[in-house]
Protein chains: 2
Amino acid sequence: MVAGPLPAPSGPGKDRLRLWIRLLRASRTIEAELRERLKKEFNTTLPRFDVMAALYRAPEGMLMSDLSRFLLVSNGNVTGIVDRLVSEGLVARARRNGDRRTSMVRLTEEGTQAFATIAAAHEGWIGELLGKVSEDDARRLTGMLTSFRSNWEGRE
Amino acid sequence: MVAGPLPAPSGPGKDRLRLWIRLLRASRTIEAELRERLKKEFNTTLPRFDVMAALYRAPEGMLMSDLSRFLLVSNGNVTGIVDRLVSEGLVARARRNGDRRTSMVRLTEEGTQAFATIAAAHEGWIGELLGKVSEDDARRLTGMLTSFRSNWEGRE
DNA sequence: ATATGAAACTTTAAGCTTGAAATAATTCAC
DNA sequence: GTGAATTATTTCAAGCTTAAAGTTTCATAT
């Protein structure tokens, strides 16, 4: 999967395979770097950051199922991450009157402050790690990725 | 991190942030789909597939450290995955005469056959999932990703 | 020869991840 | 209104992942 150098395959369809391999290697490389910095600088993790980022954009809160759908991870996964964030005082669950199966999850005041700091650093890191990509290329690449995704997404 | 729809941020540097988010969402979406199919069709996992793919390209075998470097994962990680592949008879470790710290890891006959089958299906899936990307765009995107990566890689 | 350090690998603890099974609450058909 | 599906969430087992600590082996400088 994460193939790299070596006997460059050729033939029909190989271009897409190569694209996928590059895509995967690029995101894994960046992810690894972010994970390391989040740990070193803020003693946190990428999954926690993802959850907080989602909640930061939704001051009114999110349901667990909204979170898992948005983050593209399983339900049970989110449960665990939120549990940990709650125990750290960064996130709170609020039972709802309407539907007692659900609970609104939101950042605490402390969580909001903490996230703002981390997010600023994060944006700087991305700027650094993708620094060699021109703003122009960035926009072009983004466009390609967006359209490709919307094409096959929502199949099943 | 995996932000998506909603209040499109703007400002300097935001284009690269947006690019990163798209990149991550694209690869996670495809990865999830591949993982699911590997499980359903072949009862295996993405990490096992990755290791087997690496070994398939190296009939003479690879050291554990080669594997972990190539796959961009930690040493301990590879140990576990290889352990499982060995217990399934798909991979073999061979002690070396020269250096008794190391062992050459390679696919067994059974592993080679199994991988060939899975790899064929895998390539088809990629063709399907990235089908809407023209071969031309695929090559262009690949080029962009390659150059961006080689730029900041090998920093530390 | 022998310490000293480096290298290759494994082990461990903690956390992330999934898919499936279990719980609980709601909705809907009758 | 009762029972049957549906929905939201949690729990669970198995496996993946990392960073750090530990083991064994090798290289090298005395």
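Below, chain A is the first sequence line, B the second, and so on; all start at residue 1. None of these values were measured; they are calculated from a predicted model.
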Quick check: any donor-acceptor pair below 3.5 Å linking the side-chain of A/Arg101 to the base of C/dT26?
no
Hey, which of these two, B/Ile81 or A/Gly76, hits DNA chain D nearer its 5' end, going by closest nucleotide?
A/Gly76
Regarding A/Arg48, tell me which of base, sugar-phosphate or nothing describes its non-hydrogen contacts under 4.0 Å with the strands shown.
sugar-phosphate
Could you check how far CD of A/Glu36 sits from P of D/dT18, rounded to whole Å?
11 Å
Does A/Arg93 reach a base, just sugar-phosphate, or nothing at all? Heavy atoms under 4.0 Å.
sugar-phosphate
Can A/Thr102 and A/Arg96 be counted as having a side-chain donor-acceptor contact under 3.5 angstrom?
yes
What is the distance from NZ of A/Lys39 to C1' of C/dA13, rounded to the nearest Å?
11 Å
Side chains of B/Phe42 and B/Arg48: closer than 4.5 Å at any heavy-atom pair?
no
Residue B/Leu63, side-chain atoms from C-beta onward, closest of C/dC9, C/dG19, D/dT10:
C/dC9
Side-chain heavy atoms nearer than 4.5 Å, only ILVMFWY residues, links allowed to pass through others: does that put B/Leu63 and B/Val91 together?
no
Charged N to carboxylate O under 4.0 angstrom, A/Arg106 versus A/Glu60?
no
Between A/Thr45 and B/Met64, the residue closer to the 5' end of DNA chain C by nearest nucleotide is B/Met64
Just call it for A/Ser65: base, sugar-phosphate, or nothing, with non-hydrogen atoms closer than 4.0 Å on any strand.
sugar-phosphate
When you get a sec, tell me which of C/dG15, D/dT24, D/dT17 is the closest nucleotide to the side chain of B/Pro47?
D/dT17
Quick one: label B/Asp99 by what it contacts on the DNA or RNA (base, sugar-phosphate, nothing), any heavy atom closer than 4.0 Å.
sugar-phosphate
Please determine if a side-chain N or O atom of A/Ser103 lies less than 4.0 Å away from the OP1 or OP2 oxygen of D/dA8.
no
Should B/Ser74 be listed as having a side-chain N or O under 4.0 Å from OP1 or OP2 of D/dT18?
yes
ILVMFWY cluster, B/Met104 and B/Val51 together (side-chain gap under 4.5 Å)
no
Write down the distance between CG (B/Leu46) and P (D/dT17), rounded to a whole number of angstrom.
8 Å
Calculate the interatomic distance between A/Leu72 atom CG and C/dT17 atom C1'; express it in whole Å.
13 Å
If hydrophobic clusters are built by linking Ile, Leu, Val, Met, Phe, Trp and Tyr wherever their side-chain heavy atoms come under 4.5 Å apart, do A/Val73 and A/Val86 end up in the same one?
yes
Take the protein atom CZ of B/Arg28 and the nucleotide atom C1' of C/dT18, then report the distance between them rounded to whole Å.
14 Å
Upstream residue (5' side of DNA chain D) when A/Met104 and A/Arg35 are each assigned their closest nucleotide:
A/Met104
If I take atom CZ in residue A/Arg100 and atom C1' in nucleotide D/dT9, what distance separates them, rounded to the nearest angstrom?
15 Å
Below 4.0 Å: OP1/OP2 of D/dT9 and any side-chain N or O of A/Asn75:
no
Measure CG/B/Asp50 against P/D/dG15 and give the value in whole Å, please.
17 Å
If I take atom NZ in residue A/Lys40 and atom P in nucleotide D/dA19, what distance separates them, rounded to the nearest angstrom?
8 Å
Return the nearest nucleotide to the side chain of B/Thr79; candidates are C/dT17, C/dT10, D/dT9.
C/dT10
